[in-house]
Amino acid sequence: MSSPSQGTTAPAWWAVGDVTSAAIDFGASNTDVVFRSPDGLRHWTLPTEGQPDLSRVHRALSAGDVTASQCAWLAVTGGNRSALPPVIEGRPVHQVPEVEAIGRGGLALSGLEAAVVASAGSGTAVVRATPDGMRHVTGTGVGGGTLVGLSRLLLDTVNPQEIDALARAGTDTTHNLTIGEILGQAIGSLPPDTTAVNFGRVARHAVNAPREDTAAALVNMVGQVIAIVAINAARAQQLEHAVIVGHLTDLPSVRHTFEMVAQFYGAAIRIPEQGGQATALGALLSGAERFAAPPLTTGTGA
């Protein structure tokens with residue numbers, strides 16, 4: 001991601017922080033880095049390997065051809081970040097609670113002042129994010145790890161892009177029972193073709209389904225659970241919007257499921273582009289506030 005071009009309106013989070021800084025989110029499956037420089041904002045991802053330590057910090061930064069010494073400061077979140085030293089290569093390290101980073105990043109990417117932010121990573125954490133602060137309110141163990149784990153068992157693949165491509169070519173009702181089949185009609189705001197029982201058809205009898213239909217059923221189940229948890233959390237917190245971020249939103253099939261659930265329940269769900277960087281971005285914003293650096297003026301980016 002580069003900086004906003006001249007003549008465009010920069011998002012509110014852009015004019016914060018100093019010229020060079022970086023934030024690292026040590027997730028369960030992915031490690032995300034956001035790097036701020038005069039050329040703009042860059043984001044990259046690499047697989048998570050073990051607990052955070054100095055070598056992992058250096059590997060994460062070097063994946064983007066960056067060193068700690070290039071930065072005025074570093075921010076870290078996720079994982080066992082407390083094991084990291086307070087200074088790396090002479091640069092101060094700001095440790096950001098993951099709940100704060102999720103909330104800040106979700107609001108920044110969505111452009112909202114208040115929302116429930118669901119971080120759909122390996123599992124799903126749900127955070128109430130408002131000007132008054134960030135607070136964990138609920139979550140579910142269902143997430144990207146669930147989708148990939150079940151795909152290993154049922155599809156013999158752990159490649160998210162392959163799972164997504166299969167799901168988009170398949171039909172979930174080969175495995176799932178619909179409300180229309182169970183009740184013979186719609187219920188509330190839910191149309192008859194809405195899922196009533198995930199994999200319910202398989203529970204009744206053996207199904208000879210292609211991999212595409214199995215992938216579609218898996219995406220349907222995982223996406224529905226996350227979206228419904230996010231919607232219910234927003235309503236319980238009396239907030240209008242739910243925001244879903246995290247690397248699971250990289251997959252078009254999952255995004256489509258989120259959107260369909262929002263439509264069925266008449267809910268306001270925002271799914272920002274590049275949602276995988278949300279937690280790292282939130283940590284960067286927290287670091288900018290911590291070190292109270294002067295704003296970076298916008299201009300033409302690289």
Side-chain angles (χ1 to χ4, degrees), residues 27-30 45 47-48 118-126 138-182 187 190-233 242-265 267 269-276 278:
S29 300
N30 298 290
T45 304
T48 289
S119 179
S122 297
T124 303
V126 182
T138 189
T140 171
V142 175
T146 309
L147 179 61
V148 172
L150 290 176
S151 294
R152 182 191 292 275
L153 293 174
L154 301 178
L155 301 174
D156 196 29
T157 182
V158 293
N159 184 312
Q161 285 68 42
E162 182 181 2
I163 297 166
D164 176 63
L166 288 168
R168 285 185 283 126
T171 302
D172 69 271
T173 51
T174 302
H175 289 293
N176 297 339
L177 291 172
T178 67
I179 286 176
E181 290 175 290
I182 300 295
I187 180 170
L190 304 179
D193 60 350
T194 306
T195 303
V197 187
N198 294 100
F199 290 90
R201 201 176 307 283
V202 188
R204 290 183 171 183
H205 55 77
V207 172
N208 184 18
R211 294 173 77 231
E212 290 83 356
D213 291 358
T214 300
L218 287 174
V219 164
N220 174 272
M221 180 178 68
V222 170
Q224 284 183 345
V225 168
I226 294 169
I228 290 170
V229 167
I231 290 169
N232 287 343
V243 178
I244 305 181
V245 296
H247 279 293
L248 200 53
T249 66
D250 296 341
L251 305 182
S253 60
V254 177
R255 294 175 68 94
H256 175 70
T257 302
F258 291 158
E259 291 162 357
M260 290 300 296
V261 173
Q263 179 182 328
F264 290 161
Y265 284 90
I269 290 183
R270 292 198 184 182
I271 313 165
E273 295 294 332
Q274 302 184 39

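Residues: numbered from 1 along the sequence shown. Note that these values count all heavy atoms, side chains included, but never hydrogens, waters or copies made by symmetry.
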### Task
Please name the pair of heavy atoms, one in T138 and one in A233, separated by the smallest distance, quoted to 0.1 Å.
CG2-CB, 3.9 Å
### Query
Hey, is R270 close enough to E259 for a salt bridge, meaning N to O under 4.0 Å?
no
### Query
Do the non-hydrogen side-chain atoms of R152 and D156 ever get within less than 4.5 Å of each other?
no
### Message
With no hydrogens and no angle check, just 3.5 Å: does a side-chain donor-acceptor pair link S29 and H247?
### Response
no
### Message
So, taking the atom named CG in L218 and the one named CG in L153, what distance separates them when rounded to the nearest 0.5 Å?
### Response
9.5 Å
### Task
Taking all non-hydrogen atoms of both residues into account, name the closest pair between V222 and G143 and its distance.
CG1-O, 3.7 Å
### Query
Where do A28 and S122 come nearest, in terms of heavy atoms and distance?
CB-OG, 3.6 Å
### Query
Which pair of heavy atoms, one from A242 and one from A230, lies closest together, and at what distance?
CB-O, 3.9 Å
### Query
Can you tell me how far the CZ atom of R255 sits from the CG atom of D164, to the nearest 0.5 Å?
11.0 Å
### Query
Would you say D213's side chain and T171's backbone share a donor-acceptor pair under 3.5 angstrom?
yes
### Task
Might you confirm whether atom OH of Y265 has over 12 heavy atoms from other residues, nucleotides or ligands at distances under 6.0 Å?
no
### Message
Using a 3.5 Å distance criterion without hydrogens, assess whether the side chain of T157 forms a donor-acceptor pair with backbone atoms of N159.
### Response
yes
### Task
Drop me the distance from T249's OG1 to I244's CD1, to the nearest 0.5 angstrom.
8.5 Å
#### Entry: V158 to I163 - nearest heavy-atom pair and separation
C-CD1, 4.4 Å
### Query
Would a distance-only check, ignoring hydrogens and angles, find a side-chain to backbone donor-acceptor pair under 3.5 Å from S151 to L147?
yes
### Task
Determine, for E181 against R201, whether the closest basic-nitrogen to carboxylate-oxygen distance falls under 4.0 angstrom.
yes
## Note on the structure
Rounded to the nearest 0.5 Å, the CG atom of L248 sits from the OG1 atom of T146 at a distance of 9.0 Å
#### Entry: Heavy-atom side-chain proximity of P160 to L251 below 4.5 angstrom
yes
### Task
Check whether more than 12 heavy atoms from other residues, nucleotides or ligands sit under 6.0 Å from atom CD1 of I187, and answer yes or no.
no
### Query
Does any N or O in the side chain of T257 come within less than 3.5 Å of the main-chain N or O of G223, such that one atom is a donor and the other an acceptor?
no
### Task
Specify the closest pair of heavy atoms between V245 and G275, including all atoms of both residues, with the distance to one decimal.
CB-O, 3.6 Å
### Message
Please evaluate residues H175 and N198 with respect to the criterion side-chain contact (heavy atoms from CB on, under 4.5 Å), reporting the C-alpha separation (whole Å), side-chain torsions for both, the decisive distance (0.1 Å), and the verdict.
### Response
CA-CA 7 Å; H175 289 293; N198 294 100; over 6 Å; no
### Query
How long is the gap from CG on N176 to CG on D193, to the nearest 0.5 Å?
11.5 Å
### Query
Among I226, L150, D172, whose side chain to side chain contact (heavy atoms under 4.5 Å, CB included) with M221 holds?
L150
### Query
With no hydrogens and no angle check, is any side-chain donor or acceptor of R211 less than 3.5 Å from a backbone partner on L155?
yes
### Query
Is the backbone N or O of V197 less than 3.5 Å from a side-chain atom of T195, with the two atoms forming a donor-acceptor pair by type?
no
### Message
Rounded at 0.5 Å granularity, tell me how far CD1 in I269 sits from CD in Q263.
### Response
11.5 Å
